[in-house]
Amino acid sequence: QVQLVESGGGLVEPGGSLRLSCEASGRSIFSINAMGWYRQAPGKQRELVARISGGRTIYAGSVEGRFTISGDFAKNTMFLQMNSLKPEDTAVYYCYSEIGGIWGQGTQVTVSS
């Protein structure tokens, strides 16, 4: 079966950067029109972080200007470049393919000094 695997999470100091990757196995499922990143912090609902829709990028207001979503379709991989990280960015980050409605297992991002 097709699965999504995130990587790149970890512990970083405020102001630092991380690059998350999400690779699909089995077959190609990512589309420039239907892929995105979500996150869920303790006690909060899972929320949209960034999404590519119709060739356009959409970002949550809280990450606009700091995060960048992109995809390498030849490698069936999606990325989330996160810069100027804040403690409020601490959460489990999930990649999601709208084709098939498939979620990754999540990767922990912790921003702390």
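Keep in mind that what you see is a predicted model, and the values were worked out from it rather than measured. Values reported hereafter were calculated over all heavy atoms of this structure, with side chains retained and with hydrogens, waters and symmetry mates removed.
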Geometric cation-pi criterion, Arg39 with Tyr94: 6.0 Å, 45°: no
Heavy-atom nearest pair, Lys86 first then Val111, reads O-CB, 3.2 Å
Glu47 and Gln40: side chain to side chain donor-acceptor pair (under 3.5 Å), yes or no, with the steps?
CA-CA 6 Å; Glu47 64 179 356; Gln40 186 166 24; over 6 Å; no
| Pairwise side-chain contact, Arg51 with Glu98, heavy-atom cut-off 4.5 Å (strictly under) | yes
Single-linkage hydrophobic cluster Tyr38~Ile99, side-chain heavy atoms < 4.5 angstrom: no
Q | Flag side-chain contact, heavy atom, 4.5 Å: Val12 against Thr110 | A | no
Side-chain (Gln3) to main-chain (Ala24) donor-acceptor, under 3.5 angstrom = no
Nearest heavy-atom approach of Pro14 to Ser112 is CD-C, 3.7 Å
Tested for side chain to side chain contact (heavy atoms under 4.5 Å, CB included) against Phe79, the lone hit among Leu20, Ile69, Asp72 is Asp72
Note, Arg46 side chain near Trp103 side chain (heavy atom, < 4.5 Å) = yes
For Gln108 and Ala91, the nearest pair of non-hydrogen atoms, with its separation, is NE2-O, 3.4 Å
dist Leu18:CG -> Asn83:CG (nearest 0.5 Å) comes out at 9.5 Å
When every non-hydrogen atom of Cys95 is compared with those of Leu4, the smallest separation belongs to SG-CB, 3.7 Å
Next item on the list: Indicate yes or no: at least one non-hydrogen side-chain atom of Val49 is less than 4.5 angstrom from one of Leu80.
Entry: yes
Minimal heavy-atom distance between Val92 and Gly106, with the atoms involved, is CG1-CA, 3.8 Å
### Query
Hey, what's the ring geometry for Tyr93 with Phe67, parallel, tilted or perpendicular (30° and 60° as the breaks)?
tilted
dist Ser70:OG -> Gln81:CD (nearest 0.5 Å) comes out at 8.5 Å
Heavy-atom closest pair (Trp37 atom, Leu48 atom, distance to 0.1 Å) is O-CD1, 3.7 Å
Using the rule that Ile, Leu, Val, Met, Phe, Trp and Tyr join whenever any side-chain heavy atoms are under 4.5 Å apart, tell me whether Val63 and Tyr96 fall into a single cluster. no
Output for pair (Ile102 CD1, Ser97 OG), nearest 0.5 Å, gives 5.5 Å
